[in-house]
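All values below come from the heavy atoms of this structure, side chains included, with hydrogens, waters and symmetry mates left out.
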Amino acid sequence: MNTSKSDIRVRFAPSPTGPLHIGGVRTALFNYLFAKKHKGKFLLRIEDTDQKRFVPGAEEYIIESLDWLGIPYDEGVHREGYYGPYRQSERKGMYAQFAQQLVASGNAYYAFDTQEEKDAMTARLQAAKMPPKYDISSRMTMKNSLTLSEDEVKMRLERGDEYVIRYKFERNEEIRFHDIIRGWVVFNSNQLDDKVLMKSDGMPTYHLANIVDDHHMKISHVIRGEEWLPSAPLHVKLYESLGWERPEFAHLSLILKPDGKGKLSKRDGDRLGFPVFPLDWTDPKTNELSSGYREAGYLPSAVINMLAFLGWHPSDHQELFSLDELVEEFSLERVSKSGAKFDQDKAKWFNHQFLLRTDNAELLEILRPELTEKQKSKGEEYLLKVIGMVKEKVSFTHEILAKSDYFFGIPNEYDEKVQRKKWKDKVPDLLLAYAKTLKKEKISTAEAMENALEKHAETNDLGKGMLMQPLRWAVTGQAGGPPLFEILELLGADAIVERIEYCVSEFASP
């Protein structure tokens, strides 16, 4: 297809049958990046022709997921454009004419078989150790417009017999197409079954609706998951049979389990403890809750980067990108045709890196619903400083408050190992004397507090290091954490004295 940049139009076309898997999110992301790189349009189309599998709330979930991740679409449901409506169930009146056109041209046929007759065919083929397919060979033993007389077909149609319309593949035809990611792909028609295009309820199947909608919405590139590759030869033939120009194809590799053995599933996430959906999802039938990246504490930018690197690589060694930088760098030629193994540790690493890059005020807004009255009473400036210190040591937003309780009062827990090894001999008295010096001399900056500890240690013939960890422990209850003197500066001398006095009274030296 010779398409100028201004003509680039791509679509993300999920089915509302449940929560959106991160593989689907990656498909949406790659479509968005490709469209924006080429100054084109990104569409969201809801493919809800399979009404039996429709799940209430799934469409809204898809849109909320894209909104949370910051992947805006130019046209689609709730954002109508010239080529709408963008929900297939609202377009169903237009599909039948193209199914009938295919029948008239000899590229499709009516099939009147009952379920019992199809089951009998399957049993016969299995008994003969042949693939149980409705295809070039088996169709001639069935009740369809290829085997029935013209008069009987007409009679059945007029009588209102149930039927489906199937595509008719020719025998031993080589079907070739070029895939941007995979190169030339070749199928033989003898390997394919005659897929249903129009169901007995008058609704089109995915195959027909997909082709008709892509044509009428002027889609230039179809970027979708590898699971649709077996359907591609039918789609190629449908374009050809309808006399339409075909968009270019690019089939994305699968996201694999962490061990690389098979496609990543919800079960893997449940077993290994990580989400496979962008947002929490509660199944309306079972009320079962599946965790999402948003509620697990991931930032949208981290999820975007994690997904971008599952199957794509940049031209250099850069690992952290803004969405605009990804747009600039992205190309389908750098997408691998091999499956990409999901790496939970890498996902956490991305989140930590973007947590560090996120403004403290923005993090405070995320955490605000979780703040207690005690925490709120410290004021905005204090909270921002706490966030700035603690975020260096965590991977997720929800860990910030969990790991900062000592900023808001005497610690709830104390590391017993530090107490046993460091809180002994003259250390408690020396630290209490140090704290009282801070209070008496009104020492309030981190640098001055550190200098005072050095001087205090020298006076008592000790290295500063002998007092550092027990001082941290007495103030925070922990063995490690943010820079000690930054903590002391924020707490102030009064709080430091109070905490060391508490430790002296509660924890006697061994």
Side-chain angles (χ1 to χ4, degrees), residues 47 49-52 88-89 91-128 130-177 187-216 230-246:
E47 302 203 334
T49 55
D50 190 346
Q51 291 293 300
K52 291 179 181 177
Q88 281 187 339
S89 59
R91 300 167 63 86
K92 65 181 182 180
M94 70 181 296
Y95 302 114
Q97 61 179 306
F98 299 105
Q100 294 297 337
Q101 179 181 327
L102 290 165
V103 172
S105 64
N107 295 115
Y109 58 94
Y110 300 111
F112 299 96
D113 316 283
T114 64
Q115 189 58 53
E116 290 76 12
E117 289 167 337
K118 287 183 286 185
D119 290 343
M121 176 198 73
T122 297
R124 285 196 308 272
L125 292 172
Q126 287 176 332
M130 296 174 64
K133 296 189 299 183
Y134 201 121
D135 62 5
I136 291 167
S137 299
S138 62
R139 69 191 179 203
M140 299 312 293
T141 65
M142 304 300 288
K143 290 180 180 174
N144 54 59
S145 55
L146 302 177
T147 60
L148 301 174
S149 68
E150 189 175 332
D151 288 342
E152 184 169 356
V153 170
K154 183 179 179 183
M155 179 198 69
R156 283 174 174 266
L157 293 174
E158 289 175 349
R159 191 170 63 192
D161 286 9
E162 278 197 0
Y163 67 86
V164 297
I165 295 178
R166 292 180 178 272
Y167 188 79
K168 186 182 80 172
F169 281 104
E170 299 300 328
R171 186 175 297 278
N172 204 32
E173 180 184 0
E174 186 177 82
I175 303 168
R176 295 167 54 87
F177 64 92
F187 286 84
N188 187 283
S189 61
N190 292 349
Q191 304 167 327
L192 308 172
D193 56 335
D194 291 353
K195 294 287 188 190
V196 173
L197 304 178
M198 188 68 68
K199 295 179 283 190
S200 58
D201 62 1
M203 286 291 281
T205 61
Y206 165 84
H207 303 291
L208 180 64
N210 167 274
I211 297 305
V212 171
D213 287 346
D214 281 350
H215 173 72
H216 284 271
S231 301
L234 170 60
H235 299 171
V236 168
K237 291 301 295 181
L238 283 171
Y239 278 107
E240 181 183 306
S241 300
L242 290 165
W244 295 338
E245 186 178 10
R246 178 176 63 79

Heavy-atom closest pair, residues M198 and A96: CE-CA, 3.4 Å
Report the C-alpha separation of D119 and T122 in whole Å, then their side-chain angles, then the decisive distance to 0.1 Å, and conclude whether the side chain to side chain donor-acceptor pair (under 3.5 Å) test is met. CA-CA 5 Å; D119 290 343; T122 297; 5.3 Å; no
Are P233 and L192 packed together at the side-chain level, in the sense that at least one heavy-atom pair is separated by less than 4.5 angstrom? yes
To the nearest 0.5 angstrom, please state how far the OG atom of S105 sits from the CD atom of Q100. 11.0 Å
D194 side-chain N/O to K168 backbone N/O, donor-acceptor pair under 3.5 Å: no
Would you call the rings of Y206 and H235 parallel, tilted or perpendicular, taking 30° and 60° as the class edges? tilted
Please determine whether the number of non-hydrogen atoms from other residues, nucleotides or ligands lying under 6.0 Å from atom NZ of K133 exceeds 12. yes
Salt bridge present between R156 and E152 (N-O < 4.0 angstrom): yes
Kindly indicate whether the side chain of I211, heavy atoms from C-beta on, has any atom under 4.5 Å from the side chain of Y239. yes
Could you report the tightest heavy-atom contact between L125 and P131, atom names first, then the distance? CD1-O, 3.6 Å
Could you list the residues that satisfy side-chain contact (heavy atoms from CB on, under 4.5 Å) with Q97, not counting sequence neighbours? M94
Could you tell me which non-hydrogen atom of S138 sits nearest to which non-hydrogen atom of D135, and how far apart they are? OG-N, 2.9 Å
Can you name the nearest heavy-atom pair linking L234 to H207, along with the distance? CD2-CG, 3.6 Å
Please examine the side chains of V212 and P204, heavy atoms only from C-beta on, and report whether any two atoms are closer than 4.5 Å. no
Heavy atoms of other groups near E162 CD, more than 12 under 6.0 Å: no
Might you work through the side-chain contact (heavy atoms from CB on, under 4.5 Å) test for T205 and Y167, ending with a clear yes or no? CA-CA 11 Å; T205 61; Y167 188 79; over 6 Å; no
Any chance you could measure R166, atom CZ, to D193, atom CG, to the nearest 0.5 Å? 7.5 Å
Exercise: identify the closest heavy-atom pair between L208 and A99: CD2-CB, 3.9 Å
Quick one: does any side-chain atom of R246 pair with a main-chain N or O of V236 as donor and acceptor, under 3.5 Å? no
Determine the sole option in Y110, F98, Y109 for which the side-chain contact (heavy atoms from CB on, under 4.5 Å) test with I165 is passed. Y110
All heavy atoms of S189 vs all of I136, minimum pair found to be O-CD1, 3.6 Å
Parallel, tilted or perpendicular: which one describes the rings of W244 and H215, with boundaries at 30° and 60°? parallel
pair Y134-N144: side-chain heavy atoms closer than 4.5 Å: yes
Just by distance, do the side chain of D113 and the backbone of K143 share a donor-acceptor pair under 3.5 Å? yes
pair L238-N210: side-chain heavy atoms closer than 4.5 Å: no
Have D151 and S149 got a donor and an acceptor in their side chains that come within less than 3.5 Å? no
Is there a donor-acceptor contact under 3.5 Å linking the side chains of D213 and Y95? yes
